[in-house]
Amino acid sequence: MTTKVSLEDIDLSFPGPAGSDTRKVIYENFSLQIEEGSFTVLLGPSGCGKSTLLNIINGLLKPTRAGGIVIDGEDLRRKPDLSRQMAYVFQGPRLLRWKTLAQNARFGLKGLGVQPKAKWDELIEKYFTAVGLRDAMHLYPHQVSGGMRQRASIVRAWVNEPQILLMDEPFSHLDEITAAEMRRILIDLWASEETKRTIVFVTHDISEAAQLATDIVMLTPAPSSICLRRKVDLAWPRQLDSDEVIGLEKELRHAFAERAGIRF
Amino acid sequence: MTTKVSLEDIDLSFPGPAGSDTRKVIYENFSLQIEEGSFTVLLGPSGCGKSTLLNIINGLLKPTRAGGIVIDGEDLRRKPDLSRQMAYVFQGPRLLRWKTLAQNARFGLKGLGVQPKAKWDELIEKYFTAVGLRDAMHLYPHQVSGGMRQRASIVRAWVNEPQILLMDEPFSHLDEITAAEMRRILIDLWASEETKRTIVFVTHDISEAAQLATDIVMLTPAPSSICLRRKVDLAWPRQLDSDEVIGLEKELRHAFAERAGIRF
Amino acid sequence: MTTMSRSHRLLLNAAPVVVGIGIWWALTTFVLVQPRLYPTPAAVVTEIVRIFSNEGPLGSTYVHAASTLMRLLVSWALAFVFGTLLGVLAGRKRVVFDFFANPVWIAMAVPSVVWVFIFLVLFGIDNIVPISALVMLLSAPVFLGTAEGVRATPPDLVEMCDSFHVGRWQRLVHFYLPSIAPYMVANARVSFALGIRIVLIAEVIGLPNGVGILVAYWSDTLYMAPIVAWGIILMAAGMAIDHLVFAPLQRRIRQESAD
Amino acid sequence: MITRLTAYSAQIASLVFIVIVWAIASAVVNMSALPSPFAVFGTLADLVASGRAFEPLGNTLGRTILGFVLAILLGTTYGIAAALSRTFAELTRWLLQIAIFTPTLILIFLFLISLGRSNGTIILLIGLVVMPVVGTYIRDAMGDFDDDLSGMARSYHVGLWQRVTGMYLPFLIPPLLAAGRIGFTLSWKVAFLSEIFGFPNGIGWQVKTSYDIYNIQTLLAWLMLFIIVLLVVEQLMRLAERTFVKW
Amino acid sequence: ETVSMTVEASAIPAFVAKDRGLFGDLDVEVSKVGYDQVQALLVAGDTDVAWISPIETVQFVAEGSDFRYFSTAGAQNMYNGIVVRADEAGEYPNVMSLEGKRLGIPGFGTGTWAAFRAFAKAYYGVDDPTTVFDVVTASSGALLALVERGQVDAALLFSGSSAAARSLPQFKTIFSFTEAMQESAGEPLVINGAVATATWLEENPETAARIVAGLDAATRWIQENPDAFAEGGEYADLARDAGWLAGPETAETVLTLIKEGKWYLTSDAYTDDWIGAIYDLLEKGEFVETLPARDDAFLAPGSLPAAE
Ligand SMILES: Nc1ncnc2c1ncn2[C@@H]1O[C@H](COP(=O)(O)OP(=O)(O)OP(=O)(O)O)[C@@H](O)[C@H]1O
Ligand SMILES: Nc1ncnc2c1ncn2[C@@H]1O[C@H](COP(=O)(O)OP(=O)(O)OP(=O)(O)O)[C@@H](O)[C@H]1O
Ligand SMILES: [Mg+2]
Ligand SMILES: [Mg+2]
């Protein structure tokens, strides 16, 4: 198995509250390898640095001190174009309010520029239909519900059918049925024959993690380190009430409470 | 049991896509009674009108056509001050970016004006500590994670210890442990001896519904109607893996898929 | 964004200005040799020195400068208060905006000279003339900017305020003002600059004192050097105030509202 | 539709109010310094009916519009460039400040004398005077641009052209409309002032000659012509706002 | 080649000469600008012939310019002067009766004020008018309003506004430059006239002569056809720009003066006596510290070749 994304000795801290001189350390000497073709799920308590990690992989946040981000064996800082093969679903929808949902997706397509222009309309239609927004794709963001906005922002990433897909709590505002359907499409996309796609997926929902992951990475509260890392070797579609899935959930829940849990 | 909030024959529609003259009907002849002291959970597919319903109850959206919103037996339109006894946790955090988390909570306290001023500091401290944000309460929204912002917006509502608490997917960005803790505090607040509080709670998470509700209301896709309404007679704390809770979840999941389910 | 060293920044700031002065010098020394109309940089500097040593026609230069400054400050402050208050109202209620839209538009578009023409025949020679003309002109952009800012406040936050029954005053002070603070500082900045630019025009037409009278004097006798000198002094004063007062203010507000 | 109607009546109400105040004041004062609105509108009707109104109006309006377009183009380009490139912002910082703070009167004087009295001079002058106002407005509005969205654009490698046309310009439409309003009036004023201070045609010149001979009635008639044109422009701006700002 | 001639709106003979082809085959480009701009353009060398007052020409020459006033052809009589309210005119028989009163002037840098100072010194022995009158400045249009409203007792006016004041019933002119000079020296004083640089005149004497001839012809034509300048006439637009048609009374006054030949002069008035009268005034009025030689400011009458 080759490594697709590799973080090597990352340091990252944020300025503390205004006035104080202290910095809040999020990562110190942090390393993480993500394998090509894996579906890696990041778990961790709220505020531990999951979104921050995706931002680092995407090249949006630069680690404070040296330490490398290596994509396909090359340094991201030296070749920022490497991140063109990534599409990112942010924690908030981040839609342009002056564009319809479909135009927002188009905006991302034009930006990354990995899909041939001739296919854009077809792709947009396909994915909006898939997520159940066919009828709403020509509405403006303020005209649709929170969950619909979230789905539109997912479509913006999916239409690129990217090599690396970064997703930050993408289904958090969706009802179970919609979310289940979305997961099914996501797995299809990931497993599609042509290429080996890599997915890095942040969630706070342990059963979602158990349903999707081939790799699980669990983080501790900041300063963050990896407190659990395991492979999951189950086929799809996974049965929610199968023993393996329930067993995995239990294990994760336990680990989470023990090692990543936060004390109030 | 007395009725606390009563919607009577509500009509509501939104303008369709720009250019077209059609309107999207969300509610037509819709009625709903919410009992005093109940913990009513609203379930329904994404985009069906759950947030819209909370906005109507809070008086933020006016139904298109006549039809009343009655609080404590009095018409909300004639006495808008009735909504002072409500505090609303919105679907997004909606924090003022120029105020710290604590100042944001204070802003809500001042607004509703139901708590004596002398108690403000104490209340703010108490609830921020409860949700695990004691150390972060003097940070600005952009300095904290998505889940922390969400918790701060919950505190802004809770500090008012309101008669009616409206919550729209409040725990959607929280990890399981944090969410479980939040639910525990919420139940405490709801069950506190002094007053009978009424909670209207929107979620898309069926097991969360099963853990919290005394009353469940399930909506169909827009134009919305109630497709399931039942009481839940279980004590707290409910065991996640008790037969009753699992049975309830199964029932809800089934109803949801059957009656509220959406076809892609 | 990469941070630049202070000296590097100053270098970048000053370079084009230095080049500009060089071109000015070359033009007036070699091409347009007519010191009365096209003064050289040196001639202008001499005039600036004379102005600062309180030399000049029509009495004390300092008295003229002081009265101009006073007029500018008074009218700017009045305009800012009026413009902001009406602007907040208008940003919230479309009807208020519609009611004021045309008068504001007129107030702003009619040049200061014309206001002065009209006020002068109505009120006679009085300080109220340039001040009211300036207030007219300066409050209009403040009004529009504020209304714009208020309207740009995110509707979901307005809804939040409604939901929490946030009162009038609190809403103004803690919600509208901070959310339009960047607009307000920008307004203050813009209207002050505008004021500096047009205070002269308001004075040229008719007042017993003020820099405008001096400029009119020099323009009547066709000497450009003192006029350019006054232009540079006013410009420098404007830039200094902008630099020392408004810029730090704007930086602070931006920081506080940073995303 | 109903809201459109109330909007129009509110807009008209203020104008009616002003005219009424004016009529009463002129009746009270009763001197040539304040002619009654009826007399003024009578003169205006004469100007229009005899066709004498159009040449000065055309002169002033033509210069204003050309100068304004120049200023908007320069200002928007500057504003976006300054928001995007730190070096550019620093290079132009002092120049812009100088342009902002130089008294207009002095600029008019210098330009008319050194570049000659041509339409080109005035258009250039308008462009130069109005550009920094539009430019700072746009630059500052760009500073308010949502960081989350910028992050999104970077993540999707959205190119410069795309970012400008797809994100910044639409985001800038409301501030551009506001800047447009301010910029247009400013352009108009510069054209007008140049006419008053030495360019012998256009409405400014007419106003100045009427004033010199103490004919306030004609002065106000020209002014009314000018105001009516402005109100038409304002309505056009509103139309633009309704067409462009849908979100 | 073309001759450029820059004038202000009141120089109607120049426009008429151009329009009626009175300059013959000489190609004259006549452009109209504001009063102040005329001087600036001549100083800047942007025009060949400009329209400037003889008094200011002397001032420029004293300051080192090589300007020459070369003819009174088409020059306008200087009715500029002091105006009071008609109902108080009885109290002010002459300028000195305004002592201690409030006098509005158009600006301390203006030629009108400079001329008034010379007059005050030469005729009334007043060193500094500001010590005798309570002087305030305002633009000319405002001055009339101020007089009407009683905010000033009298106003010193120039060009268009003095013509307006002459004819408006609520005002009365109690002093005008040309009448005062006519009375004491027997010569009129004019607002303006043709001025060029000495160099240009030396190089183009023929051209200058033809310009003078054209302006003379135009002036005579104007005197014979005053109706062309009335409302509806051929040149009503020119008259309107010059402020003659501001009201029926103004038009009446100006057209009458034109008919009587008192509004515009021809080159016949340009004599040694006329120049002498001006020099006399400037000398007694201590107008500038050292007066330039006459020939440096005024082209000697008769020195232009006769135009064919
Ligand atoms: N301002 C608006 N203009 C037009 N349509 C709107 C507007 N606001 C909401 N809608 C429509 O109303 C419907 C209900 O929206 P609402 O936000 O209530 O959904 P919801 O049930 O809360 O969904 P979710 O679970 O995704 O948040 C949606 O289909 C949406 O498109
Ligand atoms: N711009 C910033 N300035 C200061 N601190 C920041 C900033 N951005 C993030 N942080 C801090 O970094 C930590 C990690 O933030 P991050 O958004 O990565 O959390 P997360 O794991 O995604 O949490 P959640 O599940 O709640 O979204 C938080 O404690 C937050 O306070
Ligand atoms: Mg996060
Ligand atoms: Mg919702």
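Quick note on labels: first sequence line is chain A, next is B, and so on, each numbered from 1.
- Contact tally against chain A (heavy-atom pairs below 4.5 Å) for B:Gln150, B:Gln91, B:Met148: the top residue is B:Gln91.
- Under the rule for a salt bridge (Lys or Arg N to Asp or Glu O under 4.0 Å), A:Glu122 has no partner lying at least two apart in sequence or in another chain.
- For A:Asp205, the parts sitting under 4.5 Å from any heavy atom of chain B are the backbone and the side chain alike.
- Residues A:Ser46 and B:Leu174 approach most closely at OG-CD2, 4.3 Å, considering heavy atoms.
- Between the CG atom of B:Leu139 and the CZ atom of A:Phe14 there is a distance of 12.0 Å, given to the nearest 0.5 Å.
- Without hydrogens or angle criteria, B:Asp175 side chain to A:Gly44 main chain gives no donor-acceptor distance under 3.5 Å.
- Among residues two or more places apart in sequence or in another chain, the side-chain hydrogen bond (donor to acceptor under 3.5 Å, both in side chains) test is passed with A:Glu169 by A:His204, B:His173.
- Contact annotation for B:Arg134: neither backbone nor side-chain heavy atoms come within less than 4.5 Å of a heavy atom of chain A.
- The main-chain N or O of A:Ile206 is found under 3.5 Å from a side-chain atom of B:Glu176 such that the two form a donor-acceptor pair.
- Contact of A:Ser145 with chain B is made through the side chain alone, with heavy-atom distances under 4.5 Å.
- When the candidates B:Ser172, B:Gly147, B:Cys48, B:Gly47 are compared by the number of heavy-atom contacts under 4.5 Å with chain A, B:Ser172 comes out ahead.
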